[in-house]
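Below you'll find the structure, written out as structure tokens, and then a few comments.
Both backbone and side-chain heavy atoms feed into the values below; hydrogens, waters and symmetry mates do not.
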Amino acid sequence: MAEPSGKRLKTNLPNCKTHRAFLGSRVKQNLPAVVEESLCGVSTFIMEVAYILDALAKIFEQDDIALPRMAAFFHEQSVNEQAKAEAMLDYLSDRGGQYCSKDIQRPSCEVCAVIPALELMLGQWKEEMAVMVELSQLSKEHSDSHSASVVKSRFLGPLVPRVKLLGDLLTNARRVGCTSDRSGGFGEYLIDQLQEELTNVSSR
């Protein structure tokens with residue numbers, strides 16, 4: 001038996017327009033339909049971010065760019081985003097919610113230099129932060145304090161230092177002379193050698 005969707009206020013949260021919550025789960029308790037729908041939509045959004053980062057990794061693996069550490073960095077972040085999406089789906093399942101399987105198209109990235117790639121990644125993470133803030137607030141508004149707490153501690157909190165460190169890396173990329181086009185130069189080589197800083201960003 002389908003549960004009617006909760007009244008949804010105007011929001012920028014990614015949502016699943018075809019999502020329908022079901023009452024058959026024995027473990028569902030205090031999981032508003034609107035929160036369940038948002039968890040489903042946000043998990044898909046995170047997976048889309050993972051695909052974008054994986055596409056960036058493939059670009060830096062190309063022999064005409066050849067920045068292996070940057071490629072490894074973007075690939076690792078893609079894996080982390082996939083793990084995050086799976087963690088949100090696990091939480092949704094634990095609460096008795098359901099995920100609507102859907103096809104996610106792999107993105108076509110036209111980025112071909114370090115600075116635009118880092119700017120794109122920073123923009124994605126900042127958008128993800130805004131989404132998590134809104135999801136936490138939505139959960140509170142619908143008296144789902146558990147979801148609000150989980151989103152804040154497990155998904156929003158870890159993003160804050162990562163965004164700061166990525167911003168620092170972008171500043172350093174500009175400082176050493178990285179370009180915004182395919183021409184490249186010594187700056188790209190230097191930033192690729194900053195393996196320790198890249199590792200610091202990815203480990204947070």
Side-chain angles (χ1 to χ4, degrees), residues 1-53 76-105 107 119-168 170 200-204:
M1 179 177 176
E3 177 184 333
S5 297
K7 184 177 179 181
R8 191 182 185 108
L9 302 176
K10 185 176 180 181
T11 175
N12 293 320
L13 278 174
N15 60 49
C16 180
K17 296 179 180 179
T18 61
H19 187 82
R20 288 293 181 272
F22 290 90
L23 297 174
S25 173
R26 296 181 178 180
V27 300
K28 182 179 288 186
Q29 181 178 2
N30 191 32
L31 179 63
V34 66
V35 176
E36 180 180 345
E37 176 189 343
S38 296
L39 287 167
C40 181
V42 171
S43 62
T44 300
F45 167 75
I46 298 173
M47 188 60 71
E48 290 171 347
V49 173
Y51 284 169
I52 290 173
L53 298 182
E76 184 174 357
Q77 295 311 310
S78 173
V79 171
N80 289 343
E81 292 295 315
Q82 291 180 46
K84 189 188 304 180
E86 291 170 2
M88 183 166 285
L89 290 179
D90 287 343
Y91 174 72
L92 179 61
S93 178
D94 290 344
R95 291 293 304 277
Q98 293 198 7
Y99 174 70
C100 302
S101 298
K102 54 185 73 69
D103 293 331
I104 302 176
Q105 299 296 324
E119 289 175 338
L120 177 59
M121 185 176 182
L122 182 60
Q124 290 293 326
W125 275 359
K126 290 171 73 173
E127 183 179 359
E128 191 174 314
M129 282 184 64
V131 164
M132 295 303 176
V133 168
E134 191 167 352
L135 179 56
S136 180
Q137 292 175 341
L138 180 73
S139 300
K140 288 180 181 178
E141 291 169 2
H142 287 81
S143 302
D144 185 0
S145 58
H146 190 269
S147 290
S149 176
V150 168
V151 169
K152 184 176 181 180
S153 62
R154 293 177 57 185
F155 299 99
L156 176 59
L159 268 174
V160 176
R162 292 169 71 191
V163 167
K164 171 61 168 64
L165 287 170
L166 186 59
D168 292 345
L170 184 55
N200 286 339
V201 176
S202 61
S203 64
R204 297 302 177 93

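Ion pairing between Lys140 and Asp144 fails under the 4.0 Å rule for side-chain N and carboxylate O.
Under a 3.5 Å cut-off, the side chain of Ser93 and the backbone N or O of Leu89 do not form any donor-acceptor pair. Remark: side-chain polar atoms of Glu36 are paired, donor with acceptor, to backbone N or O of Gln98 under 3.5 angstrom. Checked by atom type and distance alone, the side chain of Ser149 never pairs as donor or acceptor with a backbone atom of Ser145 at under 3.5 Å. At least one donor-acceptor pair under 3.5 Å links the side chain of Asn30 to the backbone N or O of Ser143. Formation of a donor-acceptor pair under 3.5 Å by the Ser136 side chain with backbone atoms of Val133 is not found in this model.
Minimum interatomic distance between Pro161 and Gly157 (heavy atoms only, all atoms of both residues): CD-O, 3.3 Å. Counting all heavy atoms, side chain and backbone alike, Val34 lies closest to Ser38 at O-OG, 2.9 Å. Among all heavy-atom pairs drawn from Glu128 and Phe45, the shortest one is CA-CE2, 3.8 Å. Taking each heavy atom of Ala148 and Ser139 in turn, the nearest pair found is N-CB, 3.6 Å. Across all their heavy atoms, Ser147 and Val35 have their closest contact at OG-CG1, 4.1 Å. When all heavy atoms are compared, the tightest approach of Leu156 to Met129 is CD1-O, 3.8 Å.
Met88 has its side chain within reach of Leu135: a pair of non-hydrogen atoms, C-beta onward, lies under 4.5 Å apart. Between Ile46 and Met132, the closest side-chain pair of non-hydrogen atoms falls below 4.5 Å. Looking at Tyr91 and His146, their side chains come closer than 4.5 Å, going by heavy atoms from C-beta outward. Counting only heavy atoms from C-beta outward, the side chains of Gln124 and Met121 never approach each other to under 4.5 Å. Counting heavy atoms from C-beta outward, Arg162 and Leu165 have side chains that stay 4.5 Å or more apart.
With rounding to the nearest 0.5 Å, the separation of CE in Met47 from CD1 in Ile52 is 12.5 Å. Note that the CG atom of Leu39 and the CG atom of Leu138 stand 9.0 Å from one another [nearest 0.5 Å].
Partners of Phe155 according to the ring-ring contact (aromatic ring centres under 6.0 Å, His included) rule, which considers only residues two or more places apart in sequence or in another chain, do not exist here. For Lys152, the side chain to side chain donor-acceptor pair (under 3.5 Å) test picks out no residue, with sequence neighbours left out.
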Exercise. Check the pair Val79 / Lys84 against side chain to side chain contact (heavy atoms under 4.5 Å, CB included), numbers first and verdict last.
Key: CA-CA 9 Å; Val79 171; Lys84 189 188 304 180; over 6 Å; no

